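Please read the structure below before turning to the comments.
Order of the sequence lines fixes the chain letters, A, B, ..., with proteins taken first and strands second; residue numbering starts at 1 for each chain. These numbers were taken from a predicted model, which means no experiment stands behind them.
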Amino acid sequence: MAQEVEAFPDFLDQDSTQVARKLLGCTLTRTISGNMVKVRIVETESYEETDAASHSFKGRTDRTDIMFGPSGHLYVYFTYGMHYCCNVVTGPENEGSAVLIRAVEPLMSVEYISQFRSKAGYELSNGPAKLCQALQIDKSLNGHDLHQSPLVLNVGNDVAKKDIVTAVRIGISRDKDALRRFYIKGNPYVSK
DNA sequence: AGCGGGATTTTCT
DNA sequence: GAAAATCCCGCTT
């Protein structure tokens with residue numbers, strides 16, 4: 001059976017900070033062993049080539065190659081010796097920009113994904129490495145096209161401006177003051 | 001609920 | 001050889 005693919009609007013090719021804001025409220029559909037899981041993006045951060053905190057700041061390397069590729073693909077990196085985190089690649093090709101997905105709110109199959117984490121409730125997916133565990137995202141999905149199964153980005157559900165909080169990013173040492181973190185106000189799944 | 005420290009390995013200097 | 005876009009546990013309030 002053919003996979004239904006919903007086209008992305010052009011906004012993924014815009015400035016990553018703009019995209020980070022717009023990705024709030026969008027959903028991800030993840031298929032794991034035939035089980036469908038759906039989550040809503042509630043927290044993001046933008047990174048780009050001119051940004052000292054970005055992996056792409058030092059140029060294109062084996063690790064950051066996907067960041068410089070076409071938008072709409074997934075950039076997965078491994079960090080702290082044990083965790084995976086994932087980004088939606090943005091901007092035109094050959095530009096190293098992406099949006100880190102920091103937190104998601106499960107919309108269905110909550111029981112199913114809790115088997116992949118030793119936590120429940122908001123601790124299921126309130127952090128970039130936590131949501132990768134919950135959605136079983138690892139290096140094998142690095143470079144994956146988000147138009148296709150087993151991980152599809154569905155665009156829509158604009159969040160009202162008044163419900164979007166702008167803040168500084170978490171866990172970085174350079175460019176600490178840049179306002180590149182966005183989250184949905186009051187959402188319990190936003191990271192701490 | 002809020003803290004302080006340890007885990008563990010890829011990546012770049 | 002050091003740092004890293006983090007998380008978990010155990011201890012204190």
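Formation of a donor-acceptor pair under 3.5 Å by the A:T44 side chain with backbone atoms of A:A20 is found in this model.
Applying the 4.0 Å criterion to OP1 and OP2 of B:dT11, one finds that A:T61 has every side-chain N and O outside that range. Listed pair A:K139 / B:dT9 fails the phosphate criterion, with no side-chain N or O lying under 4.0 Å from OP1 or OP2.
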Q. When you check every protein heavy atom under 4.0 Å of nucleotides 5-13 of chain C, what one-letter string (B, S, -) results, 5' to 3'?
A. BBSSS----
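Residues A:S97 and A:T90 have side chains that bring a donor and an acceptor to within less than 3.5 angstrom of each other. A:T29 and A:N154 are linked by a side-chain donor-acceptor pair at a separation below 3.5 angstrom, with hydrogens and angles left out of the test. A:T17 and A:S46 form a side-chain donor-acceptor contact under 3.5 Å, judged by distance and modelled atom types alone.
Base pairing in DNA chain B yields stems of at least 3 consecutive Watson-Crick or G-U pairs, both distances under 3.5 Å, namely B:1-7 with C:6-12, B:9-12 with C:1-4.
Residue-level contact check: A:K192 touches neither bases nor backbone, having no heavy atom under 4.0 Å from any strand.
Taking every heavy atom of both residues into account, A:T64 and A:Y75 meet most closely at CG2-OH, 4.2 Å.
Here the two rings, on A:Y189 and A:Y122, have centers that are 6.0 Å apart or farther.
Under the 30°/60° scheme for interplanar angles, the aromatic rings of A:Y77 and A:H55 are found to stand perpendicular.
A side chain to side chain contact (heavy atoms under 4.5 Å, CB included) with A:I41 is found for one member of A:L153, A:L131, A:I184 and no other, namely A:L153.
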